[in-house]
Every structure is written in C-alpha cells, then in structure tokens.
Peer 1: 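Quick one: this structure, given as structure tokens, is what I'll be asking you about.
Here the structure is a predicted model, which is why all the values come from computation and not from measurement.
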Amino acid sequence: MKTEIVPLRAFRDNYIWAVHNGRHAAVIDPGDAAPVLEFLRAGDLRLCAVLCTHHHADHVGGCAQLGFEYNVPIIGPAAERIAALTTRVRGGDSVTVPELALRFDVLDIPGHTAGHIAFTGHGWLFCGDTLFSVGCGRLFEGTPAQMHASLLKLASLPDHTQVFCGHEYTAGNIRFATLVEPHNAALLALRNKVDALARQGLPSLPSLMGEERSVNPFLRTAVPEVRAAAERRAQRILDDDVAVFAVLRDWKNQPS
C-alpha cells in the first residue's frame, strides 16, 4: 500500500504529522497523544515509531504516553533533554523505520532551540519550528547566525522537497512577507491560494522548497528588495545577510 502523510491537528495551530501505509504508522512531533491515539484507532493502525525535532512541550508532550501504550522507539535530538527518548540522534545520523520502508537523514538546525534537528528523505522534510511556510521560528536559544545558517542548509534541499513544519502559520507569515516584498508576484499568488484553502478548512501545508525560496523572506536575505526593506526598517546600512536576517526576525517579532 502507498505511504501517506496525514496532518493531525493539536492545540490551536500545531500539526502532528502521521506517516502510514495502512497497517503501521510513525508520527512526528506529537505534542499531544490524544489525536494520535484517535487516528491510530480509527484506522486500525499500529504505531511503530515516534520522531521528535526539538524539546518544546507542544512537540513532545505526548511522547511518554505513546511510548507507554505502544513500546516503540522514540527518536529525537541528542543535544536536548527529552525524558521519553529511547534513541538520540544528531546531524549526520540516519533513522530507519523498517515497518514503513523509510530512511531519514538527520540534519542539525539550531536556532529556534539549541539542539533542534530535522528529518529528511523520500522528498520530505520534517523541520519542526525552524522553517515555516513563508516564515521561520523565533530564536529562543540560538543566534541569528545559527538560524540563518540552518535555514540556508534547509534551502539547499531540492525544489521538489515537501516541507512539513510544525504549525499552521502560513497566512500570518504571508501578511508579514508582503510588508517586505509587496510586489512579489509569487507571494501574491500564494496568498490567494492559501486564502482559498483556509475558506475550505484545509491545511496550507506541505509547501515546496522551490516555492519557499521564491516567497519566504527569511530565505531571501540576499535579494536586493529584501535587503532594502530591512535597511529601511533598521534605518541603517546592513553589513551582510545575517544582519538582514536579524532585522527581519526582530521586525516579525513586533506586534502588528
């Protein structure tokens, strides 16, 4: 049976990603066990693995219960304290889920948290709260230089890579991005698409990496229009792309 990825909604705007083949399922970033258990029971699926990108409770809060219920590997970042983990991985490692015939490479992507990781393979990227569609995560534990480098690492993945991030933030991110690039045609077209999906109650995700490079200001710090917008905001000349990123991230942090 074909492997399918299903978004499970949690809390206000979180996504738990479930990958299944009709018999077995793995989940990524289960902040809450309840929607996972409901999904497994409704589909008569057997949980076979849990993957975690970082330690925030809205991404790992359900791990202990799922581990207790199913006694499965719980795999996550070696550099972060997540009590429920059974397997700790870091950049350069790989993770296999044999029941689903899946293999993921692990990437270190610090910035949002100090030990944040991503899982990539099969044309998919599970990136937690580092890269969002048309946005990026806040810098709770890392520096602008770290986050910028992490985003560039993700942006180097192929255009067709499907981006599965941790939150439904796309509409708000587009509002900010249009302040930075009000004449970006790709961004304006995406706004119309996302508005139509929202009216139908459908997720805006996954996005595609090629599209992200065309619309996401945090991946476009070298674009002259983005740099100019950041310099107007900062009211000074910015020395490099990291400085542009830092201004954009601070700008996005401000109440609208």
Side-chain angles (χ1 to χ4, degrees), residues 1-10 14-33 35-55 59-60 62-67 69-80 82 84-109 115-131 133 150 153-167 203 205-210 212:
M1 180 176 284
K2 181 181 178 182
T3 302
E4 182 181 358
I5 303 178
V6 178
L8 309 179
R9 292 184 181 269
N14 279 73
Y15 285 125
I16 301 165
W17 296 104
V19 187
H20 78 94
N21 63 4
R23 292 188 300 169
H24 293 92
V27 294
I28 296 89
D29 284 352
D32 184 2
V36 176
L37 294 171
E38 180 181 355
F39 172 75
L40 294 172
R41 290 164 185 160
D44 193 25
L45 299 168
R46 177 75 186 179
L47 187 68
C48 60
V50 175
L51 309 182
C52 305
T53 62
H54 66 292
H55 67 82
H59 290 254
V60 300
C63 287
Q65 184 177 352
L66 294 173
E69 297 256 1
Y70 286 94
N71 190 29
V72 296
I74 301 176
I75 303 161
E80 298 196 347
I82 304 171
L85 294 186
T86 65
T87 304
R88 299 176 181 275
V89 295
R90 62 183 74 247
D93 291 340
S94 63
V95 170
T96 59
V97 185
E99 296 88 346
L100 298 172
L102 297 178
R103 179 185 180 278
F104 297 111
D105 293 326
V106 179
L107 304 177
D108 284 328
I109 49 169
H116 202 303
I117 61 173
F119 301 94
T120 185
H122 309 276
W124 307 329
L125 169 68
F126 298 98
C127 53
D129 287 358
T130 296
L131 174 66
S133 183
S150 294
K153 183 184 295 186
L154 297 181
S156 70
L157 294 171
D159 284 359
H160 65 265
T161 303
Q162 293 181 282
V163 179
F164 297 90
C165 57
H167 292 266
L205 303 169
S207 63
L208 293 173
M209 189 60 73
E212 290 299 321

Peer 1: Could you tell me whether a side-chain N or O of His160 sits under 3.5 Å from a main-chain N or O of Gly123, the two making a donor and an acceptor?
Peer 2: no
Peer 1: Is the shortest side-chain heavy-atom distance between Phe164 and Leu205 below 4.5 Å?
Peer 2: no
Peer 1: Under a 4.5 Å cut-off applied to non-hydrogen side-chain atoms, are Thr3 and His20 in contact?
Peer 2: no
Peer 1: Is it true that a side-chain atom of Arg90 and a backbone atom of Val106 form a donor plus acceptor pair closer than 3.5 Å?
Peer 2: no
Peer 1: Using every non-hydrogen atom in the two residues, find where Pro7 and Tyr15 come nearest and quote the distance to one decimal.
Peer 2: CB-CD2, 3.8 Å
Peer 1: Is there a donor-acceptor contact under 3.5 Å from the side chain of Glu80 to the main chain of His54?
Peer 2: no
Peer 1: Enumerate the residue pairs fulfilling salt bridge (Lys or Arg N to Asp or Glu O under 4.0 Å) with a member in residues 37-54, sequence neighbours excluded, ordered by first and then second residue.
Peer 2: Arg41-Glu69
Peer 1: Report the C-alpha distance between Leu102 and Thr96 in whole Å, list the side-chain angles of each, state the deciding distance to 0.1 Å, and finish with yes or no for side-chain contact (heavy atoms from CB on, under 4.5 Å).
Peer 2: CA-CA 6 Å; Leu102 297 178; Thr96 59; over 6 Å; no
Peer 1: Parallel, tilted or perpendicular: which fits the ring planes of Phe104 and Phe126, with parallel below 30° and perpendicular above 60°?
Peer 2: perpendicular
Peer 1: Is a side-chain donor or acceptor of Thr86 paired with a backbone partner of Ile74 at a separation under 3.5 angstrom?
Peer 2: yes
Peer 1: Determine the minimum heavy-atom distance between Leu154 and Ala118, stating which atoms define it.
Peer 2: CD2-CB, 4.4 Å
Peer 1: Tell me whether His122 contacts the main-chain N or O of Trp124 through its side chain, where contact means a donor paired with an acceptor under 3.5 Å.
Peer 2: no
Peer 1: Is there a side-chain contact between Ser150 and His116 (heavy atoms, below 4.5 Å)?
Peer 2: no
Peer 1: Mind checking the CD1-CG spacing from Ile75 to Leu85? Nearest 0.5 Å is all I need.
Peer 2: 9.0 Å
Peer 1: Could you walk me through whether Val95 and Thr87 satisfy the side-chain contact (heavy atoms from CB on, under 4.5 Å) test, starting with their C-alpha distance in whole Å, then the side-chain angles of each, then the deciding distance to 0.1 Å, before giving a yes or no?
Peer 2: CA-CA 10 Å; Val95 170; Thr87 304; over 6 Å; no
Peer 1: Minimum heavy-atom separation for Ile117 and Gly76, please, with both atom names.
Peer 2: CD1-C, 3.9 Å
Peer 1: If you take all heavy atoms of Gly115 and Ala79, which pair is closest and at what distance?
Peer 2: CA-CB, 4.0 Å
Peer 1: With rounding to the nearest 0.5 Å, note down the distance linking CG in Leu157 to CG in Leu208.
Peer 2: 12.0 Å
Peer 1: Taking side chain as C-beta onward, heavy atoms only, is Val50 less than 4.5 Å from Pro30?
Peer 2: yes
Peer 1: Might you work through the side-chain contact (heavy atoms from CB on, under 4.5 Å) test for Ile28 and Val19, ending with a clear yes or no?
Peer 2: CA-CA 8 Å; Ile28 296 89; Val19 187; 3.8 Å; yes
Peer 1: Which pair of heavy atoms, one from Pro158 and one from Met209, lies closest together, and at what distance?
Peer 2: O-CB, 3.5 Å
Peer 1: Looking at His24 and Cys48, what are the two nearest heavy atoms and their distance?
Peer 2: CB-SG, 4.0 Å
Peer 1: Tell me, with the steps shown, if Leu47 and Val27 meet side-chain contact (heavy atoms from CB on, under 4.5 Å).
Peer 2: CA-CA 8 Å; Leu47 187 68; Val27 294; 4.1 Å; yes
Peer 1: Taking only residues two or more places apart in sequence, or in another chain, which ones meet His167 in a ring pair (Phe, Tyr, Trp, His ring centres under 6.0 Å)?
Peer 2: His59, Phe132, Tyr169
Peer 1: Please tell me whether Ser94 and Asp105 have a donor and an acceptor in their side chains that are separated by less than 3.5 angstrom.
Peer 2: no
Peer 1: Just by modelled atom types, is the Ala26 backbone N or O under 3.5 Å from a matching donor or acceptor in the Trp17 side chain?
Peer 2: no
Peer 1: Calculate, to the nearest 0.5 Å, the distance between atoms OG1 and CG belonging to Thr53 and Asp29 respectively.
Peer 2: 3.5 Å
Peer 1: Report yes if some heavy atom in the side chain of Ser133 is under 4.5 Å from a heavy atom in the side chain of Glu212; otherwise report no.
Peer 2: yes
Peer 1: Which distance, rounded to the nearest 0.5 Å, do you find between the CG of Leu125 and the OG1 of Thr161?
Peer 2: 7.0 Å
Peer 1: Output the distance between atom CG (Leu131) and atom OG (Ser207), rounded to the nearest 0.5 Å.
Peer 2: 6.5 Å
Peer 1: Indicate yes or no for a side-chain donor-acceptor contact from Lys153 to the backbone of Asp108 under 3.5 Å, with no hydrogens or angles considered.
Peer 2: yes
Peer 1: Using side-chain heavy atoms (C-beta onward) and a distance below 4.5 Å, is Asp32 in contact with Pro35?
Peer 2: yes
Peer 1: In Å and rounded to the nearest 0.5 Å, what is the CG to CZ distance from Leu45 to Arg23?
Peer 2: 11.0 Å
